[in-house]
Amino acid sequence: MKRMHRWRFEPFELIESAEELYNPGRGWYQIHTFETGTCRTPEEMRSSLHETDSLVLLLIRIPASGDFIKREELDWIRSILKTFFEAGKDILLRFVYDLEGKGLENEPDCFAIVEGHFQQLAKLMGAKAQHIFVYQGILVGSWGEMHTSRYLSSRYMCRLASIFREGTEGRIYHSVRKPVQWRQIFDREEWERAAKTAKTGLYNDGILASETDLGTFGYQPREETGWEQPWLPQEELDFEEHLCRYAPQGGEVVYGEMTEKMSLEQIAGRLSRMNLSYLNRDHDKRVFEIWRKLKWQKEDVWQGMNGFDYIGRHLGYRFVVRKVLLKPGKKEMKLQLEIENIGFARMYEEAELLLEYEDLDGNTEIQKIETDVRNWNPGGRVCLSQNLISREGKYFLSMRRCLDSRAVYFANRQGEKGRLLLGKVILY
């Protein structure tokens with residue numbers, strides 16, 4: 001009589017890691033500035049990169065003169081994008097007329113010229129959509145930051161935002177400087193739909209400098225000001241918390257009146273409400289020195305870590321596998337997973353969650369676990385299950401971004417090749 005095997009599952013100990021994870025679409029970035037007419041070789045550009053950053057912000061100045069951007073200038077922009085893309089960096093992009101804080105002086109006198117330039121740039125970005133993670137701003141303003149410009153009325157902003165969407169066909173995330181500017185572009189009646197579909201988020205270059213983040217927020221309550229005026233900070237943070245479920249937010253922290261008033265727990269809470277995905281690692285270093293003196297006090301894996309490292313490791317998404325169970329069946333087993341996102345934000349790009357089986361001879365099979373990681377909320381947990389054929393061997397979990405198959409690492413102690421060992425099945 002044939003002997004029926006029994007089996008048992010030996011789970012791997014799932015220990016949370018506090019190490020930095022160099023995952024795509026999140027973390028620290030540095031600014032790289034370019035002006036048309038200048039020339040830097042690809043080798044020079046690559047040598048200036050911070051090795052562990054997954055992101056860069058490219059600030060590219062174009063000439064305000066002339067009805068059209070010249071072909072050679074557009075080719076030069078394409079070469080810059082290609083160089084950073086091939087270096088493995090996710091690109092935050094901002095085209096500007098001004099690099100001196102003199103937006104009114106350096107932008108064109110005629111809006112038709114701005115329209116024409118931005119149509120050319122939007123078409124270029126659409127053709128290079130796989131190279132660009134987020135486009136910031138709408139070309140105008142000092143440093144392209146959407147202030148100090150004659151073209152920031154609702155009418156002008158709506159037109160430029162429309163040009164961007166048409167040229168890129170919705171394939172690139174867009175961000176504007178303030179929540180009120182987002183509301184001036186999208187009508188109140190359609191805002192919920194726009195939040196989910198327009199792929200438009202925020203960038204904030206005045207984070208924690210003052211109660212209003214240097215004028216990012218207002219001083220009056222929403223009920224008194226209306227849709228197209230700035231609101232009180234807490235009301236704007238509520239708005240951001242909802243909006244940035246669907247599109248990323250990043251920016252810069254600035255030294256100011258709030259810098260030394262907040263505990264590390266308060267700072268982390270604020271950045272979490274913003275759904276913050278990325279920060280400039282060079283600005284403001286006075287703030288970072290203060291953060292490095294702060295310590296995380298809670299009794300968890302982070303206890304004793306300095307504030308700079310704690311915040312950096314929570315920018316964007318951070319996935320931790322909390323539980324794994326394997327339940328028996330007659331012919332199949334059911335794998336059950338519980339995964340928590342302890343980062344400040346979601347992952348905004350598609351990724352595949354993969355289960356890898358390895359038999360006793362080292363042969364492997366991979367199957368996809370159906371889930372949309374873009375819906376894994378910060379601070380939330382997802383429970384997933386997968387039916388498996390009963391057989392002896394090891395099971396690993398991994399994730400990769402669909403755009404380029406780049407690995408996305410879990411915040412557990414890693415196994416080989418970025419795979420997380422979940423456990424092994426033993427027949428007896």
Side-chain angles (χ1 to χ4, degrees), residues 17 19-34 39-60 75-95 124-136 168 171-175 199 201 203 247-252 276-283 309 312-319 343-354 373-374 398-411 414-420:
S17 169
E19 294 300 312
E20 177 62 289
L21 305 175
Y22 302 112
N23 281 329
R26 53 141 317 267
W28 299 104
Y29 70 86
Q30 288 182 308
I31 298 176
H32 299 262
T33 303
F34 300 88
C39 182
R40 287 161 61 188
T41 67
E43 291 74 21
E44 288 175 324
M45 287 187 262
R46 282 192 286 265
S47 68
S48 66
L49 294 173
H50 194 285
E51 183 179 354
T52 60
D53 289 352
S54 67
L55 295 159
V56 293
L57 172 58
L58 304 185
L59 205 62
I60 302 178
D75 288 341
W76 171 77
I77 292 170
R78 293 186 188 98
S79 70
I80 294 171
L81 296 177
K82 182 173 183 286
T83 296
F84 283 92
F85 177 76
E86 291 180 346
K89 302 300 181 182
D90 292 328
I91 295 173
L92 312 169
L93 179 61
R94 193 188 303 175
F95 292 116
L124 182 154
M125 287 187 280
K128 298 292 182 181
Q130 76 275 21
H131 293 181
I132 304 164
F133 178 37
V134 178
Y135 176 72
Q136 294 185 349
T168 61
R171 290 181 291 162
I172 301 171
Y173 282 107
H174 182 212
S175 61
K199 297 187 74 170
Y203 69 99
Q249 175 164 207
E252 298 177 350
L276 201 70
S277 287
Y278 48 89
L279 277 176
N280 184 345
R281 71 159 54 252
D282 293 321
H283 196 79
D309 289 340
R313 294 171 195 194
H314 286 79
L315 291 171
Y317 57 91
R318 188 179 180 93
F319 303 140
F344 293 152
R346 299 187 186 203
M347 185 175 185
Y348 294 97
E349 298 174 293
E350 290 184 90
E352 292 182 321
L353 184 65
L354 304 171
V373 300
R374 295 171 297 179
S398 63
M399 185 182 291
R400 64 189 181 198
R401 185 168 66 173
C402 294
L403 174 68
D404 52 9
S405 296
R406 182 172 166 184
V408 176
Y409 298 103
F410 292 98
Q414 296 295 318
E416 59 180 274
K417 301 176 185 177
R419 306 179 302 174
L420 175 63

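Note that these values count all heavy atoms, side chains included, but never hydrogens, waters or copies made by symmetry.
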Task: Separation of Ile91 CD1 from Met125 CE (nearest 0.5 Å) - done: 12.0 Å

- [ ] Provide the closest heavy-atom pair for Ala129 versus Arg171 in the form atom of the first, atom of the second, distance.
- [x] CB-CB, 3.9 Å

Task: Tyr409 (side chain) donor-acceptor with Arg419 (main chain) under 3.5 angstrom - done: no

Open item on the list: For Lys82, is there an ion pair with Asp75 - N to carboxylate O distance below 4.0 angstrom?
Closed with: no

Open item on the list: Show the nearest heavy-atom pair for residues Phe133 and Pro248, with the distance to one decimal.
Closed with: CZ-CG, 4.2 Å

TODO: Would you indicate whether the side-chain heavy atoms of Leu124 and Arg78 approach each other to under 4.5 Å?
DONE: yes

Open item on the list: Distance check, rounded to the nearest 0.5 Å: Tyr203 atom OH versus Leu276 atom CG?
Closed with: 14.5 Å

Task: Worked verdict on Ile172 versus Lys199 for side-chain contact (heavy atoms from CB on, under 4.5 Å) - done: CA-CA 7 Å; Ile172 301 171; Lys199 297 187 74 170; over 6 Å; no

- [ ] Quick one: closest heavy-atom pair of Ala351 and Val373, and the distance?
- [x] CB-CG2, 3.7 Å

Task: Gap separating the OG atom of Ser398 from the CD atom of Glu352, nearest 0.5 angstrom - done: 9.5 Å

- [ ] For the residue pair Leu403 and Gln130, establish whether any side-chain heavy-atom pair is separated by less than 4.5 Å.
- [x] yes

Task: Distance in Å, Leu279 CG paired with Glu252 CD, rounded so as to fall on 0.5 Å steps - done: 9.0 Å

- [ ] Supply the atom-to-atom distance Arg281 CZ to Ile31 CD1, rounded to the nearest 0.5 angstrom.
- [x] 12.5 Å

TODO: Hey, can you tell me if Tyr135 and His174 have their rings parallel, tilted or perpendicular (30° and 60° cut-offs)?
DONE: parallel

Task: Asp282 backbone acceptor or donor facing Asn280 side chain under 3.5 Å - done: yes

Task: Expected output: side-chain Arg318 to main-chain Arg313 donor-acceptor under 3.5 Å - done: yes

TODO: Apply the test side-chain contact (heavy atoms from CB on, under 4.5 Å) to residues Tyr278 and Val134: give CA-CA distance (whole Å), side-chain angles for both, the deciding distance (0.1 Å), then the verdict.
DONE: CA-CA 11 Å; Tyr278 48 89; Val134 178; 3.9 Å; yes

Task: Lys89 to Phe84 six-membered ring, cation-pi geometry met (6.0 Å, 45°) - done: no

Task: Side chains of His32 and Leu49 in contact at under 4.5 Å (non-hydrogen atoms) - done: yes

Open item on the list: Is there a side-chain contact between Phe85 and Lys128 in this structure, where contact means two heavy atoms from C-beta onward sitting under 4.5 Å apart?
Closed with: no

Task: Closest non-hydrogen atom pair, Phe410 against Leu353 - done: CZ-CD1, 3.6 Å

Open item on the list: Run the side-chain contact (heavy atoms from CB on, under 4.5 Å) test on Leu59 and Phe34 for me, step by step, so that the C-alpha distance in whole Å, both residues' side-chain angles and the decisive distance to 0.1 Å come before the verdict.
Closed with: CA-CA 6 Å; Leu59 205 62; Phe34 300 88; over 6 Å; no

Open item on the list: Within the structure provided, determine whether Ser54 and Arg406 are in side-chain contact (heavy-atom separation under 4.5 Å).
Closed with: yes

Task: Considering all heavy atoms, the nearest Gly316-Arg26 contact - done: CA-CB, 4.0 Å

TODO: Check whether any side-chain heavy atom of Arg374 sits under 4.5 Å from a side-chain heavy atom of Glu349, and report yes or no.
DONE: no

Task: Distance-minimising heavy-atom pair for Tyr348 and Ser277 - done: CE1-OG, 3.4 Å

- [ ] Taking the side chain as every heavy atom from C-beta outward, state whether Arg400 and Val408 have any pair of such atoms under 4.5 Å apart.
- [x] no

TODO: Show your working on side-chain contact (heavy atoms from CB on, under 4.5 Å) between Met347 and Phe319 and close with a plain yes or no.
DONE: CA-CA 10 Å; Met347 185 175 185; Phe319 303 140; 4.0 Å; yes

Task: side-chain contact (heavy atoms from CB on, under 4.5 Å) partner of Leu93, the single match among Leu57, Val56, Ile60 - done: Ile60

- [ ] Report the distance from atom CG of Leu58 to atom CG of Leu92, rounding to the nearest 0.5 Å.
- [x] 8.0 Å

